[in-house]
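Below is one structure; the comments refer to it alone.
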Amino acid sequence: MSTVRERAVENATEITSTLVVGLGLLALFTGWPPIPFWVVFAVGFAVVVPIVATLAGEDEESSEPDSQWDSGDSESRREELAAGADTEGALVTLRERYARGDLTDEQFERKLDALLETDSPESAAEWHSRDRIEEKS
């Protein structure tokens with residue numbers, strides 16, 4: 001079990017963001033502190049929160065998933081990212097083949113449509129079954 005201090009250090013950026021919002025709303029509705037509320041928000045979120053995040057050792061590209069927001073299956077997330085990279089690579093290859101003249105306009109359009117429709121295994125199976133039905137007709 002973690003102590004209050006450990007939890008405060010782990011959540012320093014969130015705590016600071018909450019304080020900035022609170023001070024900004026206080027300035028908006030009551031006029032205290034005697035500076036405009038938008039200054040509180042601008043300085044708070046543009047200066048104070050990033051400094052606290054840096055000092056607390058938090059960064060946006062953290063390699064550790066946040067268990068509170070993690071979907072639970074990091075392996076499937078890696079597969080999704082790999083599929084996206086595969087799709088990008090396939091698009092580049094398709095464009096290069098078209099630019100070299102290996103594909104006609106119709107072939108390029110058909111292959112591009114097929115590639116864009118099959119960005120996931122489920123849609124690939126759908127596309128394949130639909131394509132087979134069209135061939136039988």
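Keep in mind that this is a model prediction, so the values were computed, not measured.
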Indicate the atoms forming the closest heavy-atom contact of Ala56 with Val9, along with that distance. CB-O, 4.3 Å

Quick check for you: to the nearest 0.5 Å, what is the distance between Thr93 atom OG1 and Arg97 atom CZ? 8.5 Å

Given Ile15, which partner from the list Leu19, Thr13, Thr18 fulfils the side-chain contact (heavy atoms from CB on, under 4.5 Å) test? Leu19

Given side-chain contact (heavy atoms from CB on, under 4.5 Å), test Leu28 with Trp38 step by step and report yes or no. CA-CA 8 Å; Leu28 176 64; Trp38 58 269; over 6 Å; no

Report the relative orientation of the aromatic rings in Phe45 and Phe41; use parallel for angles under 30°, tilted for 30 to 60°, perpendicular for over 60°. parallel

Can you measure from CG (Asn11) to OG1 (Thr16) and round to the nearest 0.5 angstrom? 10.0 Å

Heavy-atom closest pair, residues Val20 and Val49: CG2-CG2, 4.2 Å

If you count the non-hydrogen atoms of other residues, nucleotides and ligands that lie under 6.0 Å from CZ in Arg5, is the total more than 12? no

Arg95 side, atom CZ; Leu112 side, atom CG - distance, nearest 0.5 Å: 7.5 Å

Do Leu26 and Phe37 come within less than 4.5 Å of each other through their side chains, counting heavy atoms only? no

Atom CG in Leu91, atom NZ in Lys111: separation rounded to 0.5 Å? 13.0 Å

Would you say that Leu103 contacts Leu94 through its side chain, given a criterion of any heavy-atom pair below 4.5 Å between the two side chains? yes

Can you list the steps and then say if Thr30 with Leu25 is a side-chain contact (heavy atoms from CB on, under 4.5 Å)? CA-CA 8 Å; Thr30 67; Leu25 292 175; over 6 Å; no

Between Pro50 and Val47 the two heavy atoms that sit nearest each other are CD-O, 3.4 Å

